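This chain uses plain numbering: 1 for the first residue, then up along the sequence. Model, not experiment: these values are computed from the prediction.
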Amino acid sequence: MKQIMVVPFISVLWRVMMLTLLQSAMVHSQGLKVKIQAWGTDALRFQIAAPGLDVSEPIIGALNSSVPPASRYQTACPGGRNCSASKYDSPVRNGNIQGEISADGLVKVTRVSDGKVLLAQRSLTWGIASPLSRKHSVSAVVTFDGLDVNESVYGLGEHKDNKVHRATGGADSYSKVFADSLYYGKSQGGDVSIPWYMSTRGYGFVWNLPSLGSVHVGDDDITWVSNATLGVDFWVTTTPPPSSSTSADVSIFSPLLNNYVDVVGHATPMPFWTTGFIQCKDRYRNQTQLLDVARGYVKRGLPIAMIVIDWFHWVEMGDFGLKPQCWPDPRAMVDELRALGIELMVTVWPFMGLPYPNGTAVCTHWDEYNSNNYLAKSGDTGKPALFWKYNTPTGNDVIDATNPAAMAATTGHWFDGIGQYGVKAIWMDEAEPDHAQYISGGQWDFHAGSDAEVLPAWVKYWSSGFHKQFVDNMGQAQDDFFILSRNAWAGTWSNGAALWSGDIGSDWGSLATAVSAGQSASLSGVPLWTTDIGGYGGGDPADPSFQHLIVRWFQFGALCPLFRLHGHRSGQPDGPSDECGNTNGHNEVWNLAADAEKYRAIVATMQLRENLRNYVKRLNDNAVATGAPMMRAMAYQFPRDPVCTSNAAEAQFMLGDDWLIAPVTKINATSWPIYLPQVGPTHEWVYFWNLTTTGAPQHDGIVGGAEGMWVKIDTTAIADFPLFYRRPLQPCDACETHSLGAHSSVKELLTAVTTMPTAAKGFE
């Protein structure tokens, strides 16, 4: 039985009506209507129609369109009352969550098992949509009560504020205008808003609208704003009731993330070939150069799993093919790489070059896209116009990814130009999509709606189109293709899209920021996240500071879900600039390491990752099934530890259950702190680089209490950084095998990691 509550708001008189129906039903009346549905495990969906309208579905939602199964158990109602009673004052319940409308028409959500109020609506304000969008569209401002003292909120995307938590009651708040995240001039492609958060109060929340707007989370209130909508739509979930079998170590966030991915979509599995090292730079200019680099890694015995062709490999923007003068035999290139054990990833941009003033087309597909309305249209002229200008003489419009026919045409052209050669990985750069002028709303119209209504979810349409191409059209298995995107929204991972840190700087501050940004993205539902090792913007291999930085960034990157080197390097370019374009400075391991010591340090981290690839794949399989992060914040992994839950250890993280890392993010640091939570009596911490064990709070150089300990690690040697393995004290063959790759002990793994490949010893 599915429960639906429809609440008509008539004049100033508010009344509540409960309907228990087999199927979804609507009640038509004057004024507003509210619909409450069981939607997944321990979860409810709330829909509030705008004045004078019926409840309707959003243009595209964060929630999947099909209703997932209700709770896997049913909690008895207080007083023995039937949970499905059709009383005007009855709440809607689903498992351990209850939603109701108060006498004054406001939503209140409580947890059944302890009666705790999770979310209490304070107000709902409707206004004139600015700009006007669909007929009857309005703006909406929904305000809930603010955070309790010490209540922390996690999620809401990837941000550069050096925090894993987004807000804490009594300490700090969070505010974001969604349009700011989408505009490169403010975000540099590294600020991603995902409309989901989790609270230490024990609930999770999804804002199920794709419109421009904003969010504020703080002591005073939690407020969500939609600039153009036909109603309000949100989803709330909570933790299950406690049971005698529940472990005290289980994170309260685990069931929330599980419930969340159940309704927005589970990620597709990562291909095993994405678990290893990914070599990339801005940019390899031709087939000869790229193959020389790939052969160079193999010759030196250095691990490599993928190599990347970056931007401007096409003739003109929107051609979706490789320039034949520079890439003369793509099939032979892909075949040789695959024979070397290397997959190829190629970037794709979502733009179409505009024609010259006399009407002559710049790109091959202009007439097709223009005549079939496959491009965004200017809100002023109703025609394609300059959306973004870069390296095209006339500028570019953006492909209307909300138009299914436009996506079918685009992915088909991509296959004809690139996919047919066996390429199974695409790099969705510029996926906000990038735009020349800040978009506050009203500037652009898409097939599905105005920019104000759909722009934040554009990337979901874009990634969905390529997912369909790989799976439905090319017949690829769900775990045998890969998408790397510069933007994300709720559920884009179900299309196979990973996320990276955007165009961050090549400096120590950007490295520190990436450590927290990756954790926040992971708590927002993104299982596969990566950084540009070395940063994107700048970095001269001849600069001593950068030589130090690149080693420390490798140490961080090797323990991220994806391990990827990228950057626009300064310094001496490799070859002249011709019809294939420039290539910028070197960005290969043997060109980045300044001396043998740094080279050995980088190679050791590459060897470490290579030996942990099976572990990484196992973590991803679990993330796909349950939503559990691969890159885990300390507050997630150790929910009872006061240091972790106070957000005092956000400069470190866990890779899965068993590896703890605190990246060194300052130049010439001779020591670095790391917090070791209490893991006894079943486990102990092993410092990887010398196999020192730590299992109790009493230890030299330690400051801390019974819950855990702070340890300072000597980082004078560039190869040393805080990396600990959580080793079981009792024999556990499966534990060691899972966490240590093919090795039977952490000592054996250390030997494998620190033994240089014979071909790599020459440092050249």
Side-chain angles (χ1 to χ4, degrees), residues 150-152 154 164-165 168 198 200 202 239 242-257 515-516 519 522-523 559 615 619 622 628-664 671-715 721-732 734-736 738-740 745-747 749:
N150 296 325
E151 176 188 358
S152 288
Y154 300 86
V164 177
H165 71 287
T168 297
M198 300 179 291
T200 53
T239 53
S243 66
S244 58
S245 61
T246 302
S247 169
D249 295 329
V250 173
S251 174
I252 65 166
F253 300 130
S254 295
L256 301 180
L257 283 165
V515 174
S516 57
Q519 295 178 67
S522 298
L523 291 172
L559 278 300
Y615 176 67
L619 293 180
N622 183 50
M630 300 171 66
M631 184 180 189
R632 299 180 182 176
M634 301 302 288
Y636 173 94
Q637 190 68 17
F638 299 98
R640 307 296 187 274
D641 189 295
V643 173
C644 298
T645 56
S646 68
N647 305 315
E650 292 190 340
Q652 61 187 64
F653 63 93
M654 298 285 294
L655 180 65
D657 291 324
D658 297 325
W659 289 95
L660 172 61
I661 176 178
V664 178
S671 66
W672 201 257
I674 186 169
Y675 179 72
L676 304 179
Q678 181 61 258
V679 292
T682 58
H683 291 76
E684 64 182 353
W685 291 112
V686 180
Y687 177 52
F688 181 68
W689 300 111
N690 64 12
L691 305 183
T692 301
T693 60
T694 306
Q698 294 76 35
H699 192 277
D700 290 342
I702 292 170
V703 179
E707 296 300 327
M709 61 197 99
W710 283 98
V711 179
K712 282 193 172 182
I713 299 299
D714 185 349
T715 55
F721 64 99
L723 176 64
F724 282 80
Y725 172 63
R726 190 181 69 105
R727 181 168 63 186
L729 291 174
Q730 298 299 322
C732 179
C735 299
E736 297 285 348
H738 285 157
S739 304
L740 301 175
S745 69
V746 66
K747 181 178 180 180
L749 173 61

Is any side-chain heavy atom of Ser516 less than 4.5 Å from a side-chain heavy atom of Phe653? no

So Val643 and Phe638, do their side chains get closer than 4.5 Å, heavy atoms only? no

Would you confirm whether Tyr154, through its side chain, and Ala633, through its main-chain N or O, come within 3.5 Å as a donor-acceptor pair? no

Restricting to non-hydrogen atoms, name the atom on Thr239 and the atom on Leu256 that form the minimum distance, rounded to 0.1 Å. N-CD2, 3.8 Å

Side-chain touch Phe253/Thr200, heavy atoms, less than 4.5 angstrom: yes

Would you say the side-chain atoms of Arg726 pair up with the backbone N or O of Asp657, donor to acceptor, closer than 3.5 Å? yes

Glu650 side chain reached by Met634 side chain, heavy atoms, under 4.5 Å: no

Supply the atom-to-atom distance Leu729 CG to Arg727 CZ, rounded to the nearest 0.5 angstrom. 8.0 Å

Looking only at heavy atoms, the pair that brings Ile713 and Tyr687 closest together is CG2-OH, 3.2 Å

So which atom in Leu691 and which in Val746 form the shortest heavy-atom distance, rounded to 0.1 Å? CD2-CG1, 4.0 Å

Counting C-beta onward and ignoring hydrogens, is there a side-chain heavy-atom pair between Pro722 and Thr715 closer than 4.5 Å? yes

Would you please test Thr692 and Trp685 for side chain to side chain contact (heavy atoms under 4.5 Å, CB included) and show each step? CA-CA 8 Å; Thr692 301; Trp685 291 112; over 6 Å; no

Nearest heavy-atom pair of Arg632 and Pro629: which atoms, and what distance? NE-O, 2.7 Å

Measure across Ser522 and Met631 and return the closest heavy-atom pair with its distance rounded to 0.1 Å. CB-O, 3.3 Å

Contact check, side chains of Val515 and Gln519, non-hydrogen atoms, under 4.5 Å: yes

Does Phe721 offer a backbone N or O that forms a donor-acceptor pair with the side chain of Trp689 under 3.5 Å? yes

Less than 4.5 Å apart, any side-chain heavy atom of Ile674 and any of Leu660? yes

Minimum heavy-atom distance between Ala635 and Cys644, given as atom pair plus value: CB-O, 3.6 Å

Does a side-chain heavy-atom distance below 4.5 Å link Ser152 with Thr645? no

In terms of relative ring orientation, are Tyr725 and Trp659 parallel, tilted or perpendicular, with 30° and 60° separating the classes? tilted

Interatomic distance, Tyr615 atom OH to Met630 atom CE [nearest 0.5 angstrom]: 9.0 Å

Parallel, tilted or perpendicular for Trp710 and Tyr675, by the 30°/60° rule? tilted

Go through the steps for Leu655 and Ile661 under the test side chain to side chain contact (heavy atoms under 4.5 Å, CB included), then give the verdict. CA-CA 8 Å; Leu655 180 65; Ile661 176 178; 5.9 Å; no

